[in-house]
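Okay, so here's the structure we're looking at.
All values derive from a computational prediction rather than experimental measurement. Along the sequence shown, residues are numbered consecutively beginning with 1.
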Amino acid sequence: MESRNREIGVRSRASRARGIAGKTALCLVSALLLSSAGMAAGMSGYSVQAEEEKDTFDTNIYIETDESGISSYTATTKKIEGEYTSVEYPVLQMADGSSSAVIDGINRTFQQDAQMKQSEQEASIKEQYDEIAEYNPDVQMTYDVDCAQIYISGSVYSVLLYDYSYLGGAHGYGYYVGCNYDLLTGRELTMGDLMGCDEATAKEAVVAAYRKNIIGQVENITEESIRGAFDIMEYWMAQDGMHVSIPAYGVASYAAGPQEVTVTAADVTGGSGDGSEQNAEQPPVSGDSGSDYNAEQPPAGSGETITVIAGIQADASDFIFPYSSTQALTDADLVKLEGSSVEEEHYRSQLAINEILARYGYVFHPENGGSSEEAYNQFNGKAWYEAAKPYCPSTSANEMLYTYITELELSNINVICEWQKVHNCYY
């Protein structure tokens, strides 16, 4: 990963994270998905009160000192506020009051970026508010950036920001942004720089951390999806190591929240150093344009299980498409939906949609008849489905569709809907 200019660096990665949440409208179906997860800063260090009172984070500041307990730096935060916006940013100073061109440049970058964010978001929200307030005068809209952590060790300067916006929808959207600089040169630091190794080794250590702590424990996340998410990963240093976070919707549902792991110096020990090999325990991964990801769905053989949610295992034979939450459906898969009548094809295709919801524990109501009754009869009473029910936060089909399911699941639902239209069973 090459060094990036911070003026575009923070904005570009933050924009990509926000873009993940902007869902494209897909065809509405019988019922659709899952729960929310909270976010906490959880940083070590001592709290420093910002220049103005804040409603959310208190900045956790850790500055390494010498043997005498003396540090070369002091840090605080400043805030730019508008009617709908509040953007906080860090300010770093030399402890003895002397000036440094590099530090002044880093401070200026943070300040300019904060000014740009506040100005752009303030104008955008005012425009949206005027439109929405005509039919919803009580709507509350906001955009906030909080400085959650400032960390300095040696020449490493790592800042963690938390961006949050609420624009009147079902829920707000928040994500972390990591900013990492070399205090001697002003250069933005890569994962490899923070971990003291080459970039390939650092990335393999990140993948290994997700494999150990996330994959297999959080629904729908695979090693392939982690490897494909480096462009949207945010990373920052703390006392316990390098934290890496993938925002909600990045590789999992909104309900699963951001997926964060921590990588320590010990995790990169023994790396190849030249990026030519993977870690010893790392299984090889095909690099042929994701062909493994789009491979034909494996058959639901006897005894085969899948993970539905929170590590809960289900028999693959309970599903038409056991892997529709982790693999893209292909034309070869859709053959399974074919039947001897329009009614049969409608039944099978709707069940293929509703089985995605069932993995989250969505409650189907047989009294509604139709596909809801069919899904109830298919899943109710199964041990895995009963165990999954507490994880479903909503009984609203629209909220589940546009809030909680993953992009891949939405895409597969859309594929099934298009198949229904072609086979005249979309109703």
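Partner of Asp163 under the side chain to side chain donor-acceptor pair (under 3.5 Å) criterion, chosen from Tyr143, Tyr173, Tyr176: Tyr143. Each of Glu120, Gln121, Gln128 was evaluated against Ser124; a single residue qualifies, Gln128, per the side chain to side chain donor-acceptor pair (under 3.5 Å) test.
In this structure a side-chain-to-backbone donor-acceptor pair under 3.5 Å is missing from Asp315 to Asp318. With hydrogens and angles ignored, the 3.5 Å screen pairs a side-chain donor or acceptor of Asn180 with a backbone N or O of Tyr235. No donor-acceptor distance shorter than 3.5 angstrom exists from the side chain of Gln118 to the backbone of Thr85, with no hydrogens or angles considered. Under the 3.5 Å distance criterion, the side-chain polar atoms of Glu223 are left unmatched by any main-chain donor or acceptor of Ala208. With hydrogens and angles disregarded, a donor-acceptor distance shorter than 3.5 Å links the side chain of Asp193 to the backbone of Thr190. For the pair Asn380 (side chain) and Tyr376 (backbone), a donor-acceptor distance under 3.5 Å is absent. Between the Glu234 side chain and the Gly178 main chain, a donor and an acceptor come within less than 3.5 Å of each other. Looking only at distances, no side-chain donor or acceptor of Asp267 sits under 3.5 Å from a matching main-chain atom of Ala205. Side-chain atoms of Asp113 never come within 3.5 Å of backbone atoms of Thr109 as a donor-acceptor pair (strictly under, hydrogens ignored). Proximity of a side-chain donor or acceptor of Gln259 to a complementary backbone N or O of Gly257 within less than 3.5 Å is detected.
Under the ring-ring contact (aromatic ring centres under 6.0 Å, His included) criterion, Tyr89 pairs with no residue, sequence neighbours left out. Residues passing the ring-ring contact (aromatic ring centres under 6.0 Å, His included) test with Phe379 are Trp384, sequence neighbours excluded.
Under the 30°/60° scheme for interplanar angles, the aromatic rings of Tyr385 and Phe364 are found to lie parallel.
Under 3.5 Å, the side chains of Asp333 and Thr330 contain a donor-acceptor pair of N or O atoms. Side-chain atoms of Tyr129 and Glu83 include no donor-acceptor pair closer than 3.5 Å. A donor-acceptor pair shorter than 3.5 Å cannot be found between the side chains of Tyr151 and Asn60. For the 3.5 Å distance criterion, the side chains of Ser155 and Arg187 fail to qualify, holding no donor opposite an acceptor.
Across Ser349 and Ile416, no two heavy atoms sit closer than the pair O-CG2, 3.6 Å. In this structure, Ala352 and Ile320 approach most closely via the heavy-atom pair N-CD1, 3.9 Å. Among all heavy-atom pairs drawn from Ile103 and Met94, the shortest one is CD1-SD, 3.2 Å.
Phe319 is listed as a side-chain neighbour of Val308, based on a closest heavy-atom distance under 4.5 Å. At a threshold of 4.5 Å between non-hydrogen side-chain atoms, the residues Val206 and Met242 count as touching. Contact check for Leu183 versus Leu92: side-chain heavy atoms found under the 4.5 Å cut-off. Here the side chains of Gln313 and Thr307 are in contact, with some heavy-atom distance below 4.5 Å. Inter-residue side-chain proximity for Tyr426 and Cys417 is flagged as met; some heavy-atom pair is nearer than 4.5 Å. For the pair Tyr157/Ile150, a side-chain contact is recorded, criterion being any heavy-atom separation below 4.5 Å from C-beta on. You'll find the side chain of Val177 stays beyond 4.5 Å of the side chain of Val145, heavy atoms only.
The 12-atom threshold is exceeded at OH of Tyr164, counting heavy atoms of other residues, nucleotides or ligands nearer than 6.0 Å. Within a 6.0 Å radius of NZ in Lys389, other residues, nucleotides and ligands contribute more than 12 heavy atoms. With a 6.0 Å radius and a threshold of 12 heavy atoms from other residues, nucleotides or ligands, Gln140 has its CD atom at or below the threshold.
With respect to the salt-bridge test (charged N to carboxylate O, under 4.0 angstrom), the residues Arg227 and Glu224 do not qualify. The existence of a salt bridge linking Lys117 and Glu88 is excluded, since no basic side-chain nitrogen approaches an acidic carboxylate oxygen closer than 4.0 Å.
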